[in-house]
Trainee: 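Following this message is one structure expressed as structure tokens.
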Amino acid sequence: MKSFVICAALLAWTGIFVSGATRSYAEARLPAQQNPSGARGTADLSGTWIAKATTPMGEIELVYKLNVHDGKITGTQSLPFGDSPIVDGEVAGDTFHFTVEMDSFGTIQKKEVSGKIVGDTLVLTPAMPGPPPGMGPGGPDAGMPPAGAPSSSLPGEPAGAPSGGPPPFHIGPVVAVRGTPTPSFRAPAVDYATLPRVALPALHPIPANGLAKTPPMGWNSWNKFHTRIDDATVRAIADAMVSSGMKDAGYRYVIIDDGWQGTRNAEGVLSPNPNFPDMKALADYVHSKGLKIGIYSSPGPRTCGGFEGSYGHEEQDAATFAAWGIDYLKYDWCSASHIWKDSEMQAAYQKMGEALEKTGRPMVYALCQYGRADVEQWATQVGANLWRTTSDIRDRYDSMARIGFAQSDLAAFSGPGHWNDPDMLEIGNGGMSTDEYKTHFSLWAMIAAPLIAGNDISKMSPDTAAILLNKEVIAIDQDPKGAGGKRVGSTGDIEVWEKPLSSGEVAIAIFNHNAQPMQAVVPWNILGIDRNDEVRDLWAHAELGTASQVSAKTVPGHGVVMLRINKRASSAKDAREPSKNPSSANGIPQRDSAPAFDHSHTQLSLLLPSRVDPGYRQ
């Protein structure tokens, strides 16, 4: 999810840079004689401290609940996207320090915080999560795009931030004062040290539910609305999905992400918060539009946004979802990392898989675990229809490219009923150009990824609508064969993907990682395409003639050319002649020679090798 960092929550990866707080350090400084902590001994910092900071997303509130005993500090740091335990703290004179245990894509990181007591305030720099060890923004071992993509900066981000790297992110220093947090529907902080451990089931396969024969298509609230979501917004999105033509194009699921949860009653039954006065009535409304509705939870006690999770209430929550008429569950690892190891992840997801099966109601089961624990090896065994292969996407070309182009090796795990999920679409949220968004949509279609829009579809621009409603590209994604596309060659900043289709046709996508347009001259014979095969451009919506008539295509900067090849001529030739090159890989003949190409910025003659350039990490 898009995008804060944890599958529904890490603000650190949105690229936001916050340069100050509501009060500066200098403004908070008081004369020494007015500083009650001074030299008169250790101050008691116990209590609730509130700080506010202004970000491009608006003002956010930071809450510190501190407990001090014999100079030792424990407690909780609360950000808009979740709570983190404070451990190993100490106060001495007018200074203090503590450790915050933060969750980042299932990895618990220990972040050190130090600060100063200034008058009746605390001046400190909040702990913010970073990427887990060995993980880049695109997920575990995600490859960097080839050289050529320039560095870029977003509003509020320091100039010159390297494209593709973790963006700098700072809040602070902030000034915290004693106070009461703004009321919210988030659940209380959890003491994980004393939390009773829920038993996990013995591993066994759960029968397939028969759903998601093609990759799910729909909309999710997170990328645009985060936890600021309500009944009226969901109804408006359902209306827009119909009126915009998205329903007719194949989009079906309206998915409510984090932020809908309220409290549990004495029996443990979970109710939505007041922003969702009647979830059953909302589901009925969505269904009345010919659409389906989805919801979000976590195997941990808290969601990524700090709301009530399903830990210890799996069967209750599954039964509640079924009673409401829910058709899709996104299940986000989040706080489960405070309880279980990756080796226990399969059992934790199986526990909810069993609960969903027990309800008897068909529900698409979507795992969100950031590509950890070799999920593609076991996800179908817990009843899942899709699973996240990466960390959260951000609305930036480098993030999208890292995630999308790292999917080639996972192609074999895609198929009807079970899909690799490289996260939701960012199209229309404003962080990329039109050509970059076309690359985003084309690459997800080649991957056979779920197409889950993440913008405000009630306010789409014509360019955004034209991308999301491109039925020819959607058809590649939704092809009933369910084959995942793969990279078949790369040279410099150009790479080519191929995807076989159920009709016997082939989809070809030519991607340009350079920010400048490049002309790719593609030798069709190396792709196994006959010169008489017919070629159609899926973004131009035009027949280009036979392959022999398409000698070169200009690929926009950070853009794509996407083609559909009718292989009738190839098929007829194959029927007449035995193969002259029986040794092939993925339909591409093996080649011993290195690719030859012109290094100019304007033209690249592409001879595709059967293997990916070894300098490109996958």
Trainee: Could you list the residues that satisfy salt bridge (charged side-chain N to carboxylate O under 4.0 Å, His left out) with Asp463, not counting sequence neighbours?
Mentor: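 If we apply the salt bridge (charged side-chain N to carboxylate O under 4.0 Å, His left out) test to Asp463, skipping adjacent residues, there are no hits.
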Trainee: For the pair Arg372 and Asp342, find out whether any cationic side-chain nitrogen is under 4.0 Å from an anionic carboxylate oxygen.
Mentor: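 Yes, Arg372 and Asp342 are salt-bridged.
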Trainee: For a side-chain contact (heavy atoms from CB on, under 4.5 Å) check, start with the C-alpha distance between Asp395 and Asn223, then their side-chain angles and the critical distance, and finish with the verdict.
Mentor: CA-CA 9 Å; Asp395 188 19; Asn223 284 359; over 6 Å; no
Trainee: So, do Lys330 and Met424 sit near enough that their side-chain heavy atoms are less than 4.5 Å apart?
Mentor: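 When only atoms from C-beta onward are counted, Met424 and Lys330 do touch, with a gap below 4.5 Å.
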Trainee: Got Lys111 and Gln77 here, is their nearest side-chain heavy-atom distance under 4.5 Å?
Mentor: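 Lys111 does not reach Gln77 side chain to side chain.
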Trainee: Among all residues two or more places apart in sequence or in another chain, which pass the side chain to side chain contact (heavy atoms under 4.5 Å, CB included) test with Pro500?
Mentor: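 Partners of Pro500 by the side chain to side chain contact (heavy atoms under 4.5 Å, CB included) criterion, ordered by chain and then number, come out as Lys481, Ala483.
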Trainee: Can you name the closest pair of heavy atoms from Arg564 and Ala475 and give their distance?
Mentor: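 The pair with the smallest heavy-atom distance is NH1-CB, 4.2 Å.
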Trainee: Check whether Gln407 reaches the backbone of Gly404 with its side chain - one donor and one acceptor, N or O, closer than 3.5 Å.
Mentor: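 Not confirmed, Gln407 side chain does not pair with Gly404 backbone.
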Trainee: If we ignore hydrogens and angles and just use 3.5 Å, is the side chain of Ser84 paired with the main-chain N or O of Met102 as donor and acceptor?
Mentor: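 Answer holds: no.
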Trainee: Would you say Val506 and Glu498 make side-chain contact, with heavy atoms under 4.5 Å?
Mentor: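 Val506 vs Glu498: side chains touch.
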Trainee: Where the side chain of Trp378 meets the backbone of Ala373, is there a donor-acceptor pair that is under 3.5 Å apart?
Mentor: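 Yes; at least one donor-acceptor contact below 3.5 Å.
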Trainee: With side chains defined as the heavy atoms from C-beta onward, is the minimum distance between Met217 and Arg252 less than 4.5 Å?
Mentor: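 When only atoms from C-beta onward are counted, Arg252 and Met217 do not touch, as no gap falls below 4.5 Å.
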Trainee: Considering only NZ, NE, NH1 and NH2 on the basic side and carboxylate oxygens on the acidic side, decide whether Arg186 and Asp83 come within less than 4.0 Å.
Mentor: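 Between Asp83 and Arg186 there is a salt bridge, with a charged N closer than 4.0 Å to a carboxylate O.
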Trainee: Do Asp258 and Thr227 have a side chain donor and acceptor closer than 3.5 Å?
Mentor: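 Absent: no donor and acceptor within the cut-off.
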Trainee: Quick one: closest heavy-atom pair of Pro216 and Tyr328, and the distance?
Mentor: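 Closest heavy-atom pair between Pro216 and Tyr328: CB-CE1, 4.3 Å.
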Trainee: Please confirm whether the backbone N or O of Met345 pairs with a side-chain atom of Trp333, one donor and one acceptor, at under 3.5 Å?
Mentor: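 Flag not set: sc Trp333 to bb Met345 has no pair under 3.5 Å.
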Trainee: Quick one: do Lys553 and Asp537 satisfy salt bridge (Lys or Arg N to Asp or Glu O under 4.0 Å)? Show the steps, please.
Mentor: CA-CA 10 Å; Lys553 290 292 291 182; Asp537 188 317; 3.2 Å; yes
Trainee: Which pair of heavy atoms, one from Thr434 and one from Ile467, lies closest together, and at what distance?
Mentor: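 For Thr434 and Ile467, the tightest heavy-atom pair comes out as O-CD1, 3.9 Å.
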Trainee: Could you state the interatomic distance from CE (Met446) to CG (Asp477), rounded to the nearest 0.5 Å?
Mentor: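 These two atoms lie 11.0 Å from each other.
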Trainee: Tell me whether Ser298 contacts the main-chain N or O of Asp332 through its side chain, where contact means a donor paired with an acceptor under 3.5 Å.
Mentor: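 Side chain of Ser298 to backbone of Asp332, a donor-acceptor pair under 3.5 Å: yes, one is there.
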Trainee: Can you give me the closest heavy-atom contact between Ala520 and Val555, atom names plus distance?
Mentor: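 Looks like CB-CG2, 4.3 Å.
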Trainee: Output every pair passing ring-ring contact (aromatic ring centres under 6.0 Å, His included) with a member in residues 421-442, not counting sequence neighbours, ordered by first then second residue.
Mentor: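 Counting only pairs at least two positions apart or across chains, the ring-ring contact (aromatic ring centres under 6.0 Å, His included) contacts touching residues 421-442 are His440-Trp444.
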Trainee: How long is the span from the CD1 atom in Ile457 to the CD1 atom in Ile237, to the nearest 0.5 Å?
Mentor: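 It is 4.5 Å, given to the nearest 0.5 Å.
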Trainee: For residues 410-422, please give each side-chain donor-acceptor pair under 3.5 Å, one per line with the distance, not counting sequence neighbours.
Mentor:
residue	atom	partner	partner atom	Å
Ser414	OG	Asn420	ND2	3.1
His418	ND1	Phe413	O	2.9
Trp419	NE1	Ala212	O	2.8
Asn420	OD1	Trp387	NE1	3.0
Asn420	ND2	Leu410	O	2.7
Asp421	OD1	Asp423	N	2.9

Trainee: Just by distance, do the side chain of Arg487 and the backbone of Gly489 share a donor-acceptor pair under 3.5 Å?
Mentor: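 Not at all, since once roles are kept as given, no pair shorter than 3.5 Å links the two residues.
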Trainee: If we only count heavy atoms from C-beta on, is the Glu426 to Met432 side-chain gap below 4.5 Å?
Mentor: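 Yes, their side chains come closer than 4.5 Å.
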Trainee: Looking at CD1 of Ile452 and CG of Leu386, how far apart are the two atoms once the value is rounded to the nearest 0.5 Å?
Mentor: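 Going from the CD1 atom of Ile452 to the CG atom of Leu386 covers 7.5 Å.
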Trainee: Would you call Thr99 and Glu112 a side-chain contact if the rule is heavy atoms closer than 4.5 Å?
Mentor: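 Side chain of Thr99 against side chain of Glu112, heavy atoms only: contact under 4.5 Å found.
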Trainee: Which heavy atom in Ser310 sits nearest to a heavy atom in Ser297, and how many Å separate them?
Mentor: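 Heavy atoms of Ser310 and Ser297 come nearest at OG-OG, 2.6 Å.
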Trainee: Aromatic rings His558 and Tyr397: how do their planes relate, parallel, tilted or perpendicular, breaks at 30° and 60°?
Mentor: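 Ring orientation, 0 to 90° scale: parallel.
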Trainee: For the residue pair Phe405 and His513, does the interplanar ring angle fall in the parallel (under 30°), tilted (30 to 60°) or perpendicular (over 60°) class?
Mentor: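 Perpendicular, since the angle between the ring planes exceeds 60°.
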Trainee: Keeping to residues at least two apart or across chains, list the salt bridge (Lys or Arg N to Asp or Glu O under 4.0 Å) pairs with something in residues 431-454.
Mentor: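 Listed once each, the pairs would be none.
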Trainee: Can you tell me how far CE of Met460 sits from CG of Leu469, rounded to the nearest 0.5 angstrom?
Mentor: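 That separation rounds to 5.5 Å.
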Trainee: Mind checking side chain to side chain donor-acceptor pair (under 3.5 Å) for Ser442 and listing every partner two or more places apart, or none if nothing turns up?
Mentor: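 In terms of side chain to side chain donor-acceptor pair (under 3.5 Å), with neighbours along the sequence ignored, Ser442 is linked to Trp539.
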Trainee: Quick one, Leu468 and Leu425 - any side-chain contact, counting heavy atoms below 4.5 Å?
Mentor: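 A side-chain contact exists here, since the closest heavy-atom pair is under 4.5 Å.
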Trainee: Quick one: does Asn470's side chain have a donor or acceptor within less than 3.5 Å of a partner on Val473's backbone?
Mentor: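 Looks like yes, one N/O pair under 3.5 Å.
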Trainee: Would you give the length of the straight line joining atom CD1 of Ile229 to atom NZ of Lys224, rounded to the nearest 0.5 angstrom?
Mentor: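 Going from CD1 on Ile229 over to NZ on Lys224, the span is 12.0 Å.
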Trainee: When rounded to the nearest 0.5 angstrom, what distance separates CZ in Phe225 from CG in Asn455?
Mentor: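 So the gap between those two atoms works out to 9.0 Å.
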Trainee: With no hydrogens and no angle check, is any side-chain donor or acceptor of Asp257 less than 3.5 Å from a backbone partner on Tyr296?
Mentor: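 Here the side-chain-to-backbone pair does not exist.
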Trainee: Is it true that Trp260 and Phe307 have ring centroids separated by less than 6.0 Å?
Mentor: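 No, the ring of Trp260 stays outside the 6.0 Å limit from the ring of Phe307, centre to centre.
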Trainee: Is Tyr349 reaching over with its side chain to a backbone N or O of Cys368, donor-acceptor style, under 3.5 angstrom?
Mentor: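 Present.
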Trainee: Could you tell me which non-hydrogen atom of Ala445 sits nearest to which non-hydrogen atom of Met562, and how far apart they are?
Mentor: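 In this case the closest contact between Ala445 and Met562 is CB-CE, 4.2 Å.
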Trainee: So, do Leu329 and Val364 sit near enough that their side-chain heavy atoms are less than 4.5 Å apart?
Mentor: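 No, too far: nothing below the 4.5 Å cut-off.
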Trainee: Return yes if some donor-acceptor pair links the side-chain N/O of Asp479 with the main-chain N/O of Ser502 below 3.5 Å, else return no.
Mentor: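 Side chain of Asp479 to backbone of Ser502, a donor-acceptor pair under 3.5 Å: yes, one is there.
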Trainee: Does a side chain donor of either Glu376 or Thr389 reach within less than 3.5 Å of an acceptor in the other side chain?
Mentor: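 Looking only at side-chain atoms, Thr389 and Glu376 do not form any donor-acceptor pair under 3.5 Å.
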